[in-house]
Amino acid sequence: MARPRPAPEKVKTVAENRRARFDYFIEHTYEAGIALTGTEVKSLRFGEGSITEAYAEVSDSGVWLVNSNIPEFSHGNRFNHEPKRPRKLLLHEREINKLHGAVAREGMTLVPLSIYFNGRGRAKVELALAKGKKTHDKRESIKERDWKREQGRLLRGSRD
């Protein structure tokens, strides 16, 4: 029997998609590696990069991160990378098949939640299998968030 894996340890978060949790119902999350070039890694280590408009796409050759922006490395030479190129995500074949089935049959979306470096120094993407929210669902989550904030204020006020 295989040993259980320890929980993934995020050491340094580079980019976060905070809007994703507001716009989507998050069903399941996956940790995926990213195939990067040298200048992309250096750019990420400096804390540059954005995934606010990014999404993942399942194709025959694998899963790709599309529309993520990793700006060119400032000290890079003529071999610098293209900032918005599609990047291959490294997942197990079984995970790719699950994602492909969910996207094709159930109409779900693959949304990147964050890019970070793990304890071993590898760049990883936290990928979520999500379903889009309607506007009334978004209003409901705003009401719920405001109520929780108000509850915290009331509890703190009663202790004084």
Side-chain angles (χ1 to χ4, degrees), residues 1-135 137-138 140-141 144:
M1 194 162 114
R3 252 185 299 160
R5 289 185 179 169
E9 184 180 322
K10 291 184 183 181
V11 174
K12 180 184 176 191
T13 302
V14 178
E16 199 169 5
N17 189 354
R18 297 180 62 192
R19 186 88 184 156
R21 296 193 189 276
F22 180 72
D23 289 337
Y24 298 96
F25 291 115
I26 306 298
E27 299 291 324
H28 192 47
T29 59
Y30 296 92
E31 179 185 53
I34 325 170
L36 298 172
T37 63
T39 53
E40 287 174 327
V41 175
K42 288 179 181 182
S43 199
L44 284 176
R45 287 209 189 276
F46 276 110
E48 299 172 353
S50 170
I51 55 169
T52 51
E53 299 163 359
Y55 62 94
E57 192 174 76
V58 182
S59 67
D60 295 335
S61 58
V63 181
W64 296 83
L65 184 64
V66 180
N67 214 14
S68 63
N69 184 27
I70 299 175
E72 288 186 343
F73 184 54
S74 58
H75 302 307
N77 55 12
R78 65 180 180 205
F79 300 113
N80 227 335
H81 65 276
E82 190 180 320
K84 284 211 170 206
R85 73 174 183 90
R87 294 166 178 91
K88 186 165 186 159
L89 296 179
L90 309 172
L91 290 160
H92 291 285
E93 193 68 34
R94 182 179 289 154
E95 290 174 328
I96 293 172
N97 292 336
K98 279 184 187 176
L99 294 175
H100 182 57
V103 169
R105 280 191 303 268
E106 300 167 29
M108 300 186 100
T109 309
L110 289 172
V111 182
L113 297 178
S114 65
I115 294 180
Y116 60 92
F117 286 99
N118 67 1
R120 295 178 60 193
R122 307 269 192 228
K124 301 285 184 179
V125 174
E126 187 177 12
L127 196 64
L129 194 59
K131 200 166 200 97
K133 284 185 182 179
K134 305 274 192 260
T135 45
D137 295 326
K138 292 178 187 178
E140 190 65 37
S141 59
E144 188 177 323

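Taking CD of E93 as the start and CD of E95 as the end, the distance is 10.5 Å to the nearest 0.5 Å. Atom OG of S114 sits about 12.5 Å away from atom CZ of R18, to the nearest 0.5 Å. E53 contributes atom CD, which lies 9.5 Å from atom CG of N17 (distance to the nearest 0.5 angstrom). With values rounded to the nearest 0.5 angstrom, L36 atom CG is found 10.0 Å from S43 atom OG. Between R21 atom CZ and E16 atom CD the span is 7.5 Å, to the nearest 0.5 Å. The NZ atom of K42 sits 14.5 Å away from the CD1 atom of I70 when rounded to the nearest 0.5 Å.
At most 12 heavy atoms of other shown residues, nucleotides or ligands fall within 6.0 angstrom of atom CZ in F46. In the displayed structure, K98 atom NZ is contacted under 6.0 Å by at most 12 heavy atoms of other residues, nucleotides or ligands.
Judged by distance alone, with hydrogens and angles left aside, the side-chain atoms of H81 form a donor-acceptor pair with the main-chain N or O of P71 at under 3.5 Å. Of the possible donor and acceptor atoms, one in the side chain of K12 sits under 3.5 Å from a partner among the backbone N and O of R45. Checked by atom type and distance alone, the side chain of N67 never pairs as donor or acceptor with a backbone atom of Y55 at under 3.5 Å. N97 places no side-chain N or O within 3.5 Å of a backbone atom of R94 that could act as its donor or acceptor partner.
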Inset, instruction - Please lay out, stage by stage, how Y30 and H92 fare under the test side chain to side chain contact (heavy atoms under 4.5 Å, CB included). - result: CA-CA 11 Å; Y30 296 92; H92 291 285; over 6 Å; no
Legend entry - Steps toward side chain to side chain contact (heavy atoms under 4.5 Å, CB included) verdict (M108, L99): CA-CA 9 Å; M108 300 186 100; L99 294 175; over 6 Å; no
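Put simply, the side chain of N118 does not reach to within 4.5 Å of the side chain of V11, judged on heavy atoms. In this structure the side chain of E40 reaches within 4.5 angstrom of the side chain of R85, judged on heavy atoms. Inter-residue side-chain proximity for L44 and F117 is flagged as met; some heavy-atom pair is nearer than 4.5 Å.
Looking at every heavy atom in both residues, E72 comes nearest to E48 through O-OE1, 4.4 Å. The shortest non-hydrogen separation linking F25 to G132 is CD1-O, 4.3 Å. Nearest heavy-atom pair across K133 and K138 is O-CE, 3.9 Å. The heavy-atom pair separating L65 from P112 by the smallest distance is CD1-CG, 3.8 Å. When all heavy atoms of A15 and G49 are compared, the pair lying nearest together is CB-O, 3.7 Å. Of all non-hydrogen atoms in R87 and A35, the two that sit nearest each other are CB-O, 4.3 Å.
Checking V111, I51, T29, I115 one by one against E126, the side chain to side chain contact (heavy atoms under 4.5 Å, CB included) holds for a single residue, T29. Of the residues V125, L90, L89, the one that meets the side chain to side chain contact (heavy atoms under 4.5 Å, CB included) test with V63 is L89.
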